[in-house]
Structures are given as C-alpha cells and as structure tokens.
There are 2 protein chains.
Amino acid sequence: MKDLSEIKQCPRQFVLAINDTLNVLSGKWKLPIIASLLYGKKRYKEIQGNIENITPRMLSKELKELELNGVVIRKVYDTTPVRIEYSLTASGKDILKVLDAMVDWGVEHRKSAIA
Amino acid sequence: MKDLSEIKQCPRQFVLAINDTLNVLSGKWKLPIIASLLYGKKRYKEIQGNIENITPRMLSKELKELELNGVVIRKVYDTTPVRIEYSLTASGKDILKVLDAMVDWGVEHRKSAIA
DNA sequence: AAAGTAGATATACTAAAGTATAGTAATATT
DNA sequence: AATATTACTATACTTTAGTATATCTACTTT
C-alpha cells in the first residue's frame, strides 16, 4: 500500500501515521519477520529457518525495506567470515502494541461474527 | 494478504486474529471506506464522492468484502427508487481502537525516525 | 581439491490487486 | 421523448507482489 491520502476529515498527520504503520505490517512476510525478531536478534539463516517457504529474495527484500523504515537494524560483525545480525529497533519492538490491539479486535470480532 | 500461518511460537488464535484484522485493513481502499462510514451511514454515491479516484468497481468490490467480513451493513430500503445505505457494524466501529494504536505507533515512530 | 555454509543477487515468471472504460436497469426530471 | 441519477456489473488491461530457480562471493570443513 502506498497512499491513504484519500481519507478526508481526519488530521493529515494521523493519516500519515496510519499509512506508515500499515506499510510496515502489510504484505505476506513483514509480520512473520518481525515476529521472528521479537524473540531476539537473529541471523539471516535463522530467520529463514524460522519462516516456512520464504525465498531468499523475499527475505532480503523485506529486511532491506524494514531496515529502511527504521524497524530493523542490520549489524555487520567484522569477523571472518562476516556475521550479520538482524534485530528490531525500539520502534520495531513497539509494534507489539499495535499487534495487541489487532489481536483484541480480531478475537472480539470473531466472537460477534459467531453470534 | 491471505495467510500468516508462517508465524510460529505464538498461539494460533492470535495469529488468526491478527490475520483477520489485517485483512480488514489492508488494500488501498478499505480504510478510506471505513473512515468514510465512521462519520455515519452513507449511500453509495456519497461514499464515492467522499473518496477521490475510487472506481465504482473497486467501491462495490470492497463494500461486498467488508459486508462479508461483518464490518459493514448494507441496508436496502424498499422505496421507489431503492435507496441503499451502508453503515458500520459494532465491530466495524471498534476498528477505531486499532486505528488509534496505529496512529500512536506511527506518530512515535516518526519522532524516533527524525532523531 | 571438492563440497558445504552464510548471506545474499539476478532473471524470469505467475498471481493478485488495482485501473480504465463502457454499459446496464430502474426510475426521476425537464 | 430525451436526459440524468442511483447503484451497480462486465471486460480488458496494467501494475505490484510474490514465486521459482539459478547463480555469486567469501570463507570453512573434510
């Protein structure tokens, strides 16, 4: 998703904020990657092993994007061979709050859908 | 997005709940539509007038999906000519809580991105 | 020296999401 | 009678997201 500017009657900064959040969460792989890193820093192959069926192309593409968006940190250790560790930024960890709100809504919504 | 089942180490029902929420929010038009209905029930043409550049195809497709997902109610008035009103279900209105969490995260994230 | 691992990139492709444009049925307005 | 409005649907197309498969460099292990 790129643009939510179609929403009117709502402060622009709020629209931008929601937009940012949705950009960080949407797509097939960003959330699994964030989830994997919520349990601590990981190396490329560890994340890959954690997430079933993700291709290396998708994993590096998404990690790059998450890094660019200030959600993930890529740390290169100057050893031989190089060791690369991915972790969440403070913001990245804070997404848990959003996920909590989403869990709450989703659970309640399922209840009311049955009723 | 269809499937987030790649996330491990997290209760399945939570994954499903997040999945549901993301399905209701992601895509280019669902949020603008929900936002438009947060200000009260509206007719098709009103929503269309509210949201710049949405095509009738997208609007009816998305409304149908939101209705199917228990977020929107479509009420047909038996007048001549028929009058159709769209509104949010209780669940639909509750999405505001998720949006609030998203606004909070987005705003904080922008702050820390600047710093 | 050959095979394997870490951390990717390149190229080509398919599938899903979204756009453009036209058209429909039923009624209302002039 | 002609035009406009509401609430859409149909068809074709483009764009974006995701998949499949092969390859690369630098190093380690056997």
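So you know, we letter chains A, B, ... as the sequences are listed, proteins then strands, and number each from 1.
- Side-chain N or O atoms of B/Thr89 include one that pairs as donor or acceptor with a backbone N or O of B/Gly70 at under 3.5 Å.
- At least one donor-acceptor pair under 3.5 Å links the side chain of B/Ser26 to the backbone N or O of B/Leu22.
- Among residues two or more places apart in sequence or in another chain, the side chain to side chain donor-acceptor pair (under 3.5 Å) test is passed with A/Asp94 by none.
- Listed by first and then second residue, the ring pair (Phe, Tyr, Trp, His ring centres under 6.0 Å) pairs involving residues 93-115 of chain B are B/Trp105-B/His109 (not counting sequence neighbours).
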Could you pull out the protein-nucleic contacts involving nucleotides 19-22 of chain D (nitrogen or oxygen on both sides, under 3.5 Å)?
from   : atom 1 : to      : atom 2 : distance (Å)
D/dT19 : OP1    : A/Lys28 : NZ     : 2.6
D/dT19 : OP2    : A/Trp29 : NE1    : 3.0
D/dT19 : O4     : A/Arg57 : NE     : 3.2
D/dT19 : O4     : A/Arg57 : NH1    : 3.0

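- When the P atom of D/dC8 is taken as reference, atom CD of B/Gln48 falls 11 Å away, rounded to whole Å.
- The phosphate of C/dA8 has OP1 or OP2 within less than 4.0 Å of a side-chain N or O from A/Tyr86.
- Atom CD1 in A/Ile51 sits roughly 15 Å away from atom P in C/dG7 (whole-Å rounding).
- For the salt bridge (charged side-chain N to carboxylate O under 4.0 Å, His left out) test, no residue two or more places apart in sequence or in another chain qualifies with A/Lys75.
- At least one side-chain nitrogen or oxygen of B/Lys64 sits closer than 4.0 Å to the OP1 or OP2 atom of D/dT9.
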Side-chain donor/acceptor pairs under 3.5 Å, residues 54-61 of chain A, sequence neighbours excluded:
from    : atom 1 : to      : atom 2 : distance (Å)
A/Thr55 : OG1    : A/Met58 : N      : 3.3
A/Ser60 : OG     : A/Pro56 : O      : 3.2

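- Residue B/Leu31 contributes atom CG, which lies 17 Å from atom P of C/dA17 at whole-angstrom precision.
- Here D/dA7 presents its P atom at 14 Å from CD of B/Glu67, a figure rounded to the nearest Å.
- Regarding A/Ile47, its CD1 atom lies at a distance of 11 Å from the C1' atom of C/dG7, rounded to whole Å.
- Listed by residue number, B/Arg74 are the residues of residues 72-82 of chain B with a heavy-atom contact under 4.0 Å to DNA chain D.
- Between A/Ile95 and A/Thr21 there is no side-chain heavy-atom pair separated by less than 4.5 Å.
- Atom CG of B/Leu59 is separated from atom C1' of D/dT9 by 13 Å (rounded to the nearest Å).
- Counting all heavy atoms, side chain and backbone alike, B/Val107 lies closest to A/Ala17 at N-CB, 3.8 Å.
- Computed from coordinates, the B/Leu22 CG to C/dA17 P distance equals 12 Å when rounded to whole Å.
- OP1 or OP2 of C/dT9 has at least one side-chain nitrogen or oxygen of A/Ser60 nearer than 4.0 Å.
- Spacing between atom NZ of A/Lys61 and atom P of C/dT9 amounts to 12 Å, rounded to whole angstrom units.
- Checking A/Arg74, A/Lys42, A/Glu67 one by one against A/Tyr86, the side chain to side chain donor-acceptor pair (under 3.5 Å) holds for a single residue, A/Arg74.
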